Protein chains: 2
Amino acid sequence: MVPEATTPRAEQGGTRWSQPARASKSGLSGSSARDLSSSPTRAMTQPVPRLSLPATLALGSAALGAAFATGLFLGERGPAGLFLGRRWPPWRFRRQQRLLPPEDSPLWQYLLSRSLREHPALRSLRLLTLEQPRGDSMMTCEQAQLLANLARLIKAKKALDLGTFTGYSALALALALPPAGRVVTCEVDAGPPELGRPLWRQAEMEHKIDLWLKPALETLDELLEAGEASTFDVAVVDADKENCAAYYERCLQLLRPGGVLAIPRVLWHGAVLHPQQGDTEAERVRNLNERIRRDARVYISLLPLGDGLTLAFKI
Amino acid sequence: MVPEATTPRAEQGGTRWSQPARASKSGLSGSSARDLSSSPTRAMTQPVPRLSLPATLALGSAALGAAFATGLFLGERGPAGLFLGRRWPPWRFRRQQRLLPPEDSPLWQYLLSRSLREHPALRSLRLLTLEQPRGDSMMTCEQAQLLANLARLIKAKKALDLGTFTGYSALALALALPPAGRVVTCEVDAGPPELGRPLWRQAEMEHKIDLWLKPALETLDELLEAGEASTFDVAVVDADKENCAAYYERCLQLLRPGGVLAIPRVLWHGAVLHPQQGDTEAERVRNLNERIRRDARVYISLLPLGDGLTLAFKI
């Protein structure tokens, strides 16, 4: 390229691309050396195009560049991943956001394989549940194991489980309680718990699990009326999110000081970040998270397990 | 394009690109309709090129396609992310693998903002530590908070902290212990703990923290000789990974039944998956994970916090 000093803008004229023939001769510095030496004065005074390339070459290059950039953009944004069957980081490109990598991530598989100790009946129930509609809304295996460990840690005898579904978390808790332990679990739909019952029996835990087929709010009120406040060691709030704040308050009353309250799915597949208008569930989960954050009656941890697990330790 | 039936392969001749002039006339079905009607017999018998495009157009398209594919490939593989200052899922493209998203992920930031309750001195110490060399090897804030919550849950009075560094985890534990509580922490390098000491003082926790400037193994043996076996409530093993198995065994002896043992960095930035030859640290962490998995003396959870956090609950 000719240095800027020898091609002042005023001398260039209006067009950069209108002299392809001339540009093809003088544009490249190697071949233009002869032209310059043959008429040095002309080279100093004549307008010299700033970008001296044949028009077809320039247009071709621009088209190639545009195609490359389009590919780069698409490749980077993810649709390429879809074309090629690859998986993308869920928190960037999918509306459903999670913190953890896909379940087939080798590192996540390593973590599970080095820590999961699942009772055979519990494992069977998990696999059975995953075959059901909405089966993946069940508590995850590492959440259930952590919860069982915490129940053992505080020598829990009484546990509360709102939202039985097929009874995976109820069974995990029952297995962690002493022989005289009791899990009160409630569900409005009688179907899924009946799927789990044979496996409760297989694990010899059926006698510990007390299934109430009624709305969670009624269950909680009945327990409070029966004078069971401050008697539960562990509570899991995994029922509908419409009433999650009411469940939280009542469970806190039912827990003893030093009891553990666990609330799964508090990230609501990422929707808590910016709830869509009309998504009342996301808004209620978001409000509950705010409330718990400011609640001086509990110590808290929010763990990146499953779709987010809040642990509230009653003081 | 002319259907395959009218252009049998035997009639095509050897060249596909050698008749650009003809191709430009008969190639596009719309404009070729007239040619066909004027001499139908010829159209049926003459060789017709299969791909009928001008050579320059074909070559140009091929070049555009190649540029697009290159961009797509680069965009998908990650270097584009580097060009554009974006961050990529660490478990796919970086040698250092983590389970969690980058710290600036909005969902991770949400999780922290809705759960972190950090004492001002603890926060100052964390920010100070992050400015130090290897500062990011410190226990993460959500790990420290979980550990403090567990210490409160089991009403811990005595804690052990191998690998003081600047004393972030020691301070977090001290804040969770009752006034008469005691944290024994050990470090071989006197420098970093001296950075933290003013903040221990600021939090009025200095009297609870007992700093031993000696190798962790010596500390553990001295404690065992002093008859402190089964007296600790909490232990954190975050010293060198060379001796991690020995630390684990001795800490388990020092813990009381129902005590909590925490081991951070058990995924060793993903190197536990396939330790490189000669990477003895990765191999030892991997072996420790195997050992803990089979250890019937503890209940375990392996959490995707920081670089992996093993919690072992002594039975």
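From a predicted model like this one, the values you see are computed outputs, not experimental measurements. A, B, ... follow the sequence lines: proteins, then strands. Residue 1 opens every chain.
Qualifying side chain to side chain contact (heavy atoms under 4.5 Å, CB included) partners for A/Ser113, counting only residues two or more places apart in sequence or in other chains: none. Legend: residues meeting side chain to side chain contact (heavy atoms under 4.5 Å, CB included) with A/Lys208, ordered by chain and number and at least two apart, are A/Ala174, A/Leu177, A/Met205. B/Asn149 pairs by the side chain to side chain contact (heavy atoms under 4.5 Å, CB included) definition with A/Tyr299, A/Ser301, A/Phe313, B/Gln145, B/Arg152, not counting sequence neighbours.
The contact list for residues 280-293 of chain B toward chain A, using heavy atoms and a distance under 4.5 Å, reads B/Arg286, B/Asn289, B/Glu290, B/Ile292, B/Arg293 by residue number.
Contact of the A/Leu99 side chain with the B/Leu99 side chain is not registered, since no non-hydrogen atoms from C-beta on lie closer than 4.5 Å. You'll find the side chain of B/Leu150 reaches within 4.5 Å of the side chain of A/Leu150, heavy atoms only.
Only the side chain of A/Val260 comes within contact range of chain B, with at least one heavy atom under 4.5 Å from a heavy atom of that chain. Contact annotation for A/Leu305: only side-chain heavy atoms (C-beta onward) come within less than 4.5 Å of a heavy atom of chain B. For B/Ile154, the part lying under 4.5 angstrom from a heavy atom of chain A is the side chain only. Looking at A/Leu146, the atoms closer than 4.5 Å to chain B (heavy atoms on both sides) sit in the backbone and in the side chain alike.
From B/Leu303, atom CG reaches atom OG of A/Ser115 across 8.5 Å, with rounding to the nearest 0.5 Å.
In the displayed structure, A/Arg297 atom CZ is contacted under 6.0 Å by more than 12 heavy atoms of other residues, nucleotides or ligands.
With chain A as the partner, the residue from B/Glu142, B/Lys314, B/Gln109, B/Arg114 showing the most heavy-atom pairs under 4.5 Å is B/Arg114.
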For B/Leu100 and A/Leu100, run side-chain contact (heavy atoms from CB on, under 4.5 Å): C-alpha distance rounded to whole Å, both residues' side-chain angles, the deciding distance at 0.1 Å, then the answer.
CA-CA 6 Å; B/Leu100 294 176; A/Leu100 295 176; 4.1 Å; yes

